[in-house]
Undergrad: 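My questions will all concern the structure given below.
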Amino acid sequence: GQNIDQPTEMTATEGAIVQINCTYQTSGFNGLFWYQQHAGEAPTFLSYNVLDGLEEKGRFSSFLSRSKGYSYLLLKELQMKDSASYLCAVRDRSNTGKLIFGQGTTLQVKP
Amino acid sequence: EAGVTQSPTHLIKTRGQQATLRCSPISGHTSVYWYQQALGLGLQFLLWYDEGEERNRGNFPPRFSGRQFPNYSSELNVNALELEDSALYLCASSRDREDEQYFGPGTRLTVT
């Protein structure tokens, strides 16, 4: 079956670093995506990993290990506006258009 | 660059009626995707349109259907509405089928 697991909720302090983990079990793998979704808004694209390793983009980095079926999103220098849900999604095969989403991790940043 | 747009923002229907939701992709994007986000659940893939054709559909009954127009905009139709169809319906677009998907603000459908 297809399964994407993320922690349901996390809390962190403004200015700190937080790591949101995602593990996946899918029939195939053709890329992993991270999205941010503020309450009542559309998901916004953060990062894309298809090869093992770390992709850095400003305060956000995403890591992938295909052999372990594991990814994490690292948020540095947390700001209050980073309070949102973070969605991990896997494309299991090419040419299907389909992304398989996890339930999302709700991150609360406290002052 | 304008993002993905969807209309209406909110839609209230009664059980058994039909709903039509609309989506305009980012200019230059030819692929359009539809997802359902029910309360407490992750996004569930509904449909994928590319170059005017339905390319893939998720595990939803046939009363969920749609189409893509020559200008790449898309319509999602839900027939014989059921209470459990109440959800946020998100449309996304991509430049081509392997690129990242960009989401619109969604249409919140409430079935009473």
Side-chain angles (χ1 to χ4, degrees), chain A residues 1-9 20 22-51 55 57 60 62 64 71 73 84-106, chain B residues 1-7 9-10 23-26 29-60 66 68 74 87-108:
Chain A
Q2 316 275 50
N3 200 42
I4 315 285
D5 282 321
Q6 308 178 231
T8 306
E9 295 178 340
I20 302 174
C22 171
T23 57
Y24 63 90
Q25 291 174 303
T26 53
S27 56
F29 182 82
N30 191 246
L32 187 142
F33 300 79
W34 284 96
Y35 286 85
Q36 180 192 60
Q37 187 177 26
H38 284 100
E41 297 182 14
T44 54
F45 170 74
L46 290 177
S47 68
Y48 170 56
N49 295 70
V50 66
L51 299 176
E55 294 281 341
K57 197 185 285 188
F60 293 6
S62 56
L64 174 67
S71 173
L73 180 69
S85 284
Y86 291 85
L87 312 178
C88 173
V90 170
R91 183 166 54 209
D92 62 343
R93 290 192 300 280
S94 66
N95 221 27
T96 67
K98 173 183 174 182
L99 294 182
I100 305 163
F101 280 84
Q103 300 264 52
T105 299
T106 300
Chain B
E1 178 183 84
V4 177
T5 59
Q6 292 185 245
S7 64
T9 307
H10 293 90
C23 171
S24 290
I26 292 171
H29 288 194
T30 59
S31 275
V32 171
Y33 313 82
W34 288 95
Y35 290 85
Q36 182 195 66
Q37 189 175 31
L39 197 63
L41 298 178
L43 276 77
Q44 302 291 317
F45 170 76
L46 260 167
L47 289 158
W48 170 37
Y49 291 95
D50 183 59
E51 297 287 355
E53 300 282 333
E54 181 180 303
R55 302 295 182 180
N56 195 17
R57 66 180 293 126
N59 190 24
F60 281 83
Q68 186 178 34
S74 177
L88 181 66
Y89 289 84
L90 292 162
C91 170
S93 74
S94 67
R95 188 171 300 278
D96 79 39
R97 54 189 67 187
E98 298 298 309
D99 280 354
E100 59 269 21
Q101 298 177 14
Y102 292 89
F103 284 84
T107 293
R108 183 159 298 282

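Here is how names work: the chains are called A, B, and so on, in the same order as the sequence lines, proteins then strands, and each is numbered from 1. This one's a predicted model, so the numbers in the text were calculated from it and none came from an experiment.
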Undergrad: Do the non-hydrogen side-chain atoms of N95(A) and R55(B) ever get within less than 4.5 Å of each other?
TA: no
Undergrad: Could you give the distance from CD (Q101(B)) to OH (Y48(A)), rounded to the nearest 0.5 Å?
TA: 11.0 Å
Undergrad: Below 4.5 Å from any heavy atom of chain A, which atoms of D99(B) appear? Answer side chain, backbone, both or neither.
TA: backbone
Undergrad: Looking at G104(B) and A42(A), what are the two nearest heavy atoms and their distance?
TA: O-CB, 2.7 Å
Undergrad: Hey, which of Q37(B), R57(B), Q6(B) has the most heavy atom pairs under 4.5 Å with chain A?
TA: Q37(B)
Undergrad: Within a strict 4.5 Å, meaning less than it, do heavy atoms of the E100(B) and F33(A) side chains meet?
TA: yes
Undergrad: Rounded to the nearest 0.5 Å, what's the gap from CG on L43(B) to CG on L99(A)? Could you check?
TA: 9.0 Å
Undergrad: For the interface with chain B, which of S85(A), G31(A), P43(A) has the highest count of heavy-atom pairs at distances below 4.5 Å?
TA: P43(A)
Undergrad: Would you say the rings of Y35(B) and F101(A) are close, in the sense that their centroids are separated by under 6.0 Å?
TA: yes
Undergrad: Which bit of I4(A) comes within less than 4.5 Å of chain B, counting heavy atoms only: side chain, backbone, both or neither?
TA: neither
Undergrad: Could you check whether F45(A) and F103(B) have their ring centres less than 6.0 Å apart?
TA: no
Undergrad: Crowded around N59(B) CG? As in, over 12 foreign heavy atoms under 6.0 Å?
TA: no
Undergrad: Pick from Q37(A), E41(A), R91(A): which one has the most heavy-atom pairs with chain B under 4.5 Å?
TA: R91(A)
Undergrad: Can T96(A) and R97(B) be said to form a side chain to side chain contact (heavy atoms under 4.5 Å, CB included), step by step?
TA: CA-CA 8 Å; T96(A) 67; R97(B) 54 189 67 187; over 6 Å; no
